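Bear in mind that the values here come from a model prediction, so they are computed numbers and not experimental data.
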Amino acid sequence: MVYLDNSATTRPDPEVIRVVADVMENVYGNPSSLHGWGGKAERLLKQAREVTARLLGVSPGSLVFTSGGTEANNMAIKGVAFQHRNRGRHLITTQVEHAAVLEVCRQLELMGWKVTRLPVDESGRVRPQDVEAAMTEETVLVSVMHTNNEVGTIQPIPEIGRIVSQYPKAFFHVDAVQAFGKCELRPREWGVDLMSLSAHKFHGPKGVGSLYVRKGVTLSPLLTGGGQEEGFRSGTQNVPGIAGFAKAAILAEERRGEAVPRWLRWKEEMIEALTSSVDDLKINGDQSAEGGAPHILSLSFPGLKSEVIVHALEEKGVYVSSKSACSSKGEKPSYVLKAMGLSDEVALGAVRISMGWTTTQEDICQCIKALTEVIPRLKHVMKGVSK
């Protein structure tokens, strides 16, 4: 099997699995309990928080562990909106955010908040000047993802951070779920107030994530109860999952320097091989080393349907995706690609190839071979149907 759908989820690293299993078996106390068994779990939780914070260059007290990226995004956006509703009821985001941001904004819109969804250019990037033009005295939050999950384009986060910092009432949230372990993240330096992460995107366990909350930022909690996580997120912590998160984060950052050049080289190989052998190929998003994520490659084959391509590749043992896993079962063209100005025909024929730590050179060669066999065959079939 050639697994190239790592933007949807990654295979848990064996070292992470061992950590999670060990903690489940041997550190099963409640970290809120006063006895020694609870203290052991609490110390492990503290250690995981310190390790993760060090990797992000932030203070341990600024990290809140969640059930994943969706909860982290909800916590950031709703937490600011509800806590600071007296400051204003205007939110700014982009048209290409993950559904875990766009749906939250849509929900708040129904509750009376005004939402500005900024357009993007043909590469999927928002212009900082558009962010600045959209800012008002009523703006309480700007939410812009770091790395687009469908095409890999990286947003100008430092520039946007500088703009938002000029508005004392506004907070800046960054969905960095696709970025950690692939790109350098510096939330404090960039003026980011809130940043979302998810462990299963970097070979950690599913069901655990984190939200960086800059010191001094107050949020209305989504979950209330026992006051865990400094009151931001009540509920007994998932200690095994959090330990796995921290272990996966360590490994991801240790391996990034080696993995990134490899992924970039493989992207170039795929683009070169497919451009020379497949007619009408379109490359989506910014695939440069400077402006695009190293691990994501979005390709369109106009005239074909992405789901047909995905299943044809699956028959050859190659697993890719059509778009975000959260919306891949829908028949509509990707809203991300449509926001970039692509036609329905191009958007409907898009596939996403995404690499991870487990990806090998042989995987890339097999993917290229499968595509160069599948695409011409499917196009031949489509010509016959059109006749």
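Without hydrogens or angle criteria, Thr359 side chain to Gly356 main chain gives a donor-acceptor distance under 3.5 Å. Distance alone, capped at 3.5 Å, places no donor-acceptor pair between the Asp175 side chain and the His98 backbone. In terms of modelled atom types and a separation under 3.5 Å, the side chain of Gln155 and the main chain of Val126 share a donor-acceptor contact. Looking at His35, its side chain does come within 3.5 Å of a backbone N or O of Gly38 through a donor-acceptor pair. With Gln287 contributing its side chain and Leu264 its backbone, the two residues share no donor-acceptor pair below 3.5 Å.
Below 30°, between 30° and 60°, or above 60°: for Phe202 and Phe180 the angle between ring planes is between 30° and 60°, a tilted geometry.
Side chains of Arg214 and Arg188 form no contact here, defined as non-hydrogen atoms less than 4.5 Å apart. Annotation: side chain of Arg85 is in contact with side chain of Trp113 (closest heavy-atom distance under 4.5 Å). Within the 4.5 Å cutoff, the side chain of Ser276 has no heavy atoms near those of the Glu272 side chain. With a 4.5 Å cut-off on side-chain heavy atoms, Val164 and Ile92 do not count as touching. Using a 4.5 Å heavy-atom threshold, the side chains of Gln83 and Phe171 count as separate. At least one side-chain heavy atom of Ile160 sits under 4.5 Å from a side-chain heavy atom of Phe172. By the 4.5 Å heavy-atom criterion applied to side chains, Leu194 and Leu219 are counted as neighbours. Side-chain contact between Pro205 and Val16 is present, with at least one heavy-atom pair separated by less than 4.5 Å.
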Distance-only check: which donor-acceptor pairs under 3.5 Å involve side-chain atoms of residues 289-304, not counting sequence neighbours?
| unit_1 | atom_1 | unit_2 | atom_2 | d |
| --- | --- | --- | --- | --- |
| Ser298 | OG | Asn284 | ND2 | 3.1 |
| Ser300 | OG | Asn284 | ND2 | 2.9 |
| Ser300 | OG | Val346 | O | 2.9 |

N/O donor-acceptor pairs under 3.5 Å from side chains in residues 74-81, not counting sequence neighbours:
| unit_1 | atom_1 | unit_2 | atom_2 | d |
| --- | --- | --- | --- | --- |
| Asn74 | OD1 | Lys78 | NZ | 3.2 |
| Asn74 | ND2 | Thr70 | O | 2.9 |
| Lys78 | NZ | Gln107 | OE1 | 2.7 |

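To the nearest 0.5 angstrom, Arg18 atom CZ is 7.5 Å from Asp13 atom CG.
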Exercise for review: Take His203 and Asn6 through the test side chain to side chain donor-acceptor pair (under 3.5 Å) and record every step on the way to the result.
Suggested key: CA-CA 9 Å; His203 300 280; Asn6 288 276; 4.6 Å; no
Review point. Taking it one step at a time, do Lys369 and Glu373 satisfy salt bridge (Lys or Arg N to Asp or Glu O under 4.0 Å)?
Key: CA-CA 6 Å; Lys369 183 175 185 293; Glu373 292 174 356; 2.8 Å; yes
Point to revise | side chain to side chain donor-acceptor pair (under 3.5 Å) between Ser334 and Glu150, intermediate numbers included | key: CA-CA 9 Å; Ser334 159; Glu150 289 194 28; 2.5 Å; yes
**Study point:** From CA spacing to verdict: side chain to side chain donor-acceptor pair (under 3.5 Å), Thr93, His173
**Key:** CA-CA 10 Å; Thr93 189; His173 166 243; over 6 Å; no
Exercise for review: List the steps, then state whether ring pair (Phe, Tyr, Trp, His ring centres under 6.0 Å) holds for Phe232 with Phe65.
Suggested key: CA-CA 9 Å; Phe232 285 116; Phe65 287 113; over 10 Å; no
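Between Arg49 and Glu229 a salt bridge is recorded (basic side-chain N to carboxylate O distance below 4.0 Å). Between Lys114 and Glu138 there is no salt bridge, since no side-chain nitrogen of the basic residue lies less than 4.0 Å from a carboxylate oxygen of the acidic one. At a threshold of 4.0 Å, the pair Arg106-Glu109 does not count as salt-bridged, since none of the basic side-chain nitrogens sits closer than that to a carboxylate oxygen. At a threshold of 4.0 Å, the pair Arg54-Glu50 does not count as salt-bridged, since none of the basic side-chain nitrogens sits closer than that to a carboxylate oxygen.
When all heavy atoms are compared, the tightest approach of Val177 to Ser198 is CG1-CB, 3.9 Å. Nearest heavy atoms, Ala312 versus Val374: CB-CG1, 3.6 Å. Nearest approach of Lys338 to Ser343, heavy atoms of both residues: NZ-C, 4.2 Å. Taking both residues in full, the closest heavy atoms of Ser321 and Val310 are given as C-CG2, 3.9 Å, listed atom of the first, atom of the second, then distance. The two residues Arg125 and Ile154 make their nearest non-hydrogen contact at NE-O, 2.9 Å.
Residues Tyr212 and Ile157 fall within the same hydrophobic cluster, defined by Ile, Leu, Val, Met, Phe, Trp and Tyr side chains chained together at heavy-atom separations under 4.5 Å.
Of the residues listed (Val278, Ile353, Val318), the one engaging Leu371 in a side chain to side chain contact (heavy atoms under 4.5 Å, CB included) is Ile353, and it is the only one.
Taking the centre and axis of the six-membered ring of Trp357, the NZ or CZ atom of Arg262 falls inside the cone set by 45° and 6.0 Å.
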